[in-house]
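The structure appears below as structure tokens.
Counting starts at 1 for both ligands and their atoms, following the listed order.
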Amino acid sequence: MAERRDVVIIGAGAAGMMCAIAAGGRGRRVLVIDHARAPGEKIRISGGGRCNFTNIHAGPKNFLSANPHFCKSALARYTPRDFLDLVERHGIAWHEKTLGQLFCDRSAKDIIAMLLAEMAAAGAELRLSTPVAAIEHTGAGFRIVTEAGEIEAAALVIATGGKSIPKMGATGFAYRVAEQFGIPVVETRPALVPLTLDPATLAANEDLPGVAVDVAVRHGRTEFREAMLFTHRGLSGPAILQISSYWREGEEIAVAIRPDLDFASVFAAARRENGRQAVQTVLSEHMPKRLAQRLAADLGLDGPLAELSSRRLDALMHRLADWRMRPAGSEGYRTAEVTLGGVDTAALDSRTMAVKAVPGLHFIGEAVDVTGWLGGYNFQWAWASGRAAGESA
Ligand code: FDA
């Protein structure tokens, strides 16, 4: 005889655990199944071990989706403030790092412990190291076939995340379930991921790996102002991770170095003070020396500032304001923080995350075609979509 539950949630990550808390809190008999040995592994490694658990500015504008309106309902009904209240009720110390990003003072493990305590209080059961062999649609709901036996449930929530970081157990399972039930999936691709450069550009950049600088990076009308890092494979740092969600193979990105500075005034003042100094000396007051040297060398600017023609100064200013780069590719799912695309929101009810055509089946979290910017937005989507499903499943 199969075990019976009201709600089975596959995936004990951020979204699945939040869903279990909400459904269990409504008196539903909830079982969460995960093939991993520990719950919330991505929470544990997130934010450099301190978990950037939300962003106080999170709103629909911070998410990419084929339907940008889909995320509105869930985000409005479970806000960053709601999650922060939970964090504070558990006495977890936190701080705002930058740009509204909230982190634990101590450890991301505090967030996992909080979610497990809330699940236990809600009576939700957790079964780890349990791979799911098959899902069958029955007249009354679903039969979940695992190596340890079968479970029948009226409601089934798929919370297995995306494809990023396969070595942590990411599987693409949600997309296979979608396919089984005839639900479309928006093409998936690695996002929030470092970009690579071709060998010739890397050779020209050989002195730059490790250099970080504040930039504005643009792709079309999208712009992010954060740090960029040169690496041995290409480009990384928050500005690049952000723009990677918008960039496509073959396209250019435009980088402005130190967009906070008016370089025309910088050079005019430097010329007045000491026209004998080299361009790279002036530049290196405002950026790492290796980058200043590379820029000066690229444009052949080796003489004193006072002897620089206005044409060559203009070329330098143009490079500083609009450095065009054409990445060769990305580092892929191996290092991507998230998966862009996923279960097509057109198939889902935005209030409940339920599949409109399959009563009782829900998709939540990263598995769905809603992808946040870097900075705590993806967890906020996991909490909000998990909550929305848990309030209805
Ligand atoms: P998540 O991936 O968390 O959970 C899915 C669960 O399903 C896992 O426990 C997995 O084991 C399980 N599972 C998968 N396949 C299964 C199968 N076939 N059978 C059973 N179980 C299965 N975001 C943010 O907002 N702030 C941050 O600081 C960071 N930092 C960060 C760092 C790094 C290195 C990464 C890779 C990602 C981040 N993120 C982040 C993104 C964030 O981690 C991500 O968006 C959420 O964890 C998504 O939550 P989900 O619950 O949807 O999936």
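Ion pairing between a basic and an acidic side chain is recognised when a charged N comes within 4.0 Å of a carboxylate O; Arg218 and Asp322 show such pairing. Salt bridge absent: Arg312 and Glu307 never bring a charged side-chain N and a carboxylate O closer than 4.0 Å. Checked for salt-bridge contact, Arg225 and Glu223 meet the test: a charged N lies under 4.0 Å from a carboxylate O. No salt bridge links Arg351 with Glu391; every basic N to acidic carboxylate O contact stays at or beyond 4.0 Å. A salt bridge links Arg5 to Glu3: one of the charged nitrogens lies within less than 4.0 Å of a carboxylate oxygen.
Not a single N or O atom of Ile165, backbone or side chain, sits closer than 3.5 Å to an N or O atom of ligand 1. Remark: ligand 1 and Thr130 share no N or O pair separated by less than 3.5 Å (distance only, no angle test). An N or O contact shorter than 3.5 Å links Ala14 to ligand 1 by distance. Backbone and side-chain nitrogen or oxygen atoms of Phe379 are examined, and one is located within less than 3.5 angstrom of a nitrogen or oxygen of ligand 1. Of the N or O atoms in Gly47, one or more lie within a sub-3.5 Å distance of an N or O in ligand 1.
Numbered from 1 in the order shown, with element, the atoms of ligand 1 that lie under 4.0 Å from a heavy atom of Thr171 read 14 (C), 15 (N), 16 (C), 18 (N). In the vicinity of Ala159, heavy-atom distances shorter than 4.0 Å reach the ligand 1 atoms 5 (C), 6 (C), 7 (O). Counting atoms of ligand 1 from 1 in the listed order, those under 4.0 Å from a heavy atom of Ala15 are 51 (O), 52 (O). Remark: ligand 1 atoms within the under-4.0 Å shell around heavy atoms of Ile10 are 20 (C). Remark: ligand 1 atoms within the under-4.0 Å shell around heavy atoms of Tyr377 are 25 (O). Interface atoms of ligand 1 facing Ile45, defined by a heavy-atom separation under 4.0 Å, are 34 (C). The atoms of ligand 1 that sit less than 4.0 Å from any heavy atom of Asn52 are 24 (C), 25 (O), 26 (N), 27 (C), 28 (O). Annotation for ligand 1: atoms under 4.0 Å from non-hydrogen atoms of Gly11 are 6 (C), 7 (O), 12 (C).
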Handout entry: Trace of the side-chain hydrogen bond (donor to acceptor under 3.5 Å, both in side chains) decision for Ser330 with Ser244
Key = CA-CA 8 Å; Ser330 85; Ser244 73; over 6 Å; no

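Residue contacts with ligand 1 include Ala12, since one or more of its heavy atoms lies under 4.0 Å from the ligand. Within the structure, the closest approach of Pro131 to ligand 1 does not fall below 4.0 Å when heavy atoms are considered.
Among protein heavy atoms, atom 48 (C) of ligand 1 sits closest to Glu366 OE1, 3.5 Å. When hydrogens are left out, the protein atom nearest atom 21 (N) of ligand 1 is His35 N, 3.3 Å; that is the closest non-hydrogen contact. In terms of protein heavy-atom proximity, atom 30 (N) of ligand 1 is nearest to Ser46 CB, 3.3 Å. Remark: minimum distance from atom 12 (C) of ligand 1 to any protein heavy atom is reached at Asp34 OD2, 3.1 Å. Looking from atom 53 (O) of ligand 1 to the surrounding protein, the closest heavy atom is Gly161 CA, 3.5 Å. Atom 39 (N) of ligand 1 has Glu337 OE1, 3.8 Å as its closest protein atom, hydrogens excluded (heavy atom only). Considering only non-hydrogen protein atoms, atom 4 (O) of ligand 1 sits nearest to Gly13 CA, 3.4 Å.
The neighbour count for Arg311 CZ, taken as heavy atoms of other residues, nucleotides or ligands under 6.0 Å away, does not exceed 12. The number of heavy-atom neighbours closer than 6.0 Å to NZ of Lys167, taken from other residues, nucleotides and ligands shown, is 12 or below.
Glu337 and Ser46 form no side-chain donor-acceptor contact under 3.5 Å, judged by distance and modelled atom types alone. A donor-acceptor pair shorter than 3.5 Å can be found between the side chains of Ser73 and Arg77. Between Thr130 and Thr146, the side chains place no donor N or O within less than 3.5 Å of an acceptor N or O (distance only, hydrogens not considered).
Here CZ of Phe224 is found 4.5 Å from CD of Gln242. Values are rounded to the nearest 0.5 Å.
At least one donor-acceptor pair closer than 3.5 Å links the side chain of Asp34 to the backbone N or O of Ala12.
Between Val338 and Trp373, the closest side-chain pair of non-hydrogen atoms is not below 4.5 Å.
Of all the listed residues (Phe103, Phe173, Trp373), Phe173 holds the heavy atom that lies closest to atom 18 (N) of ligand 1.
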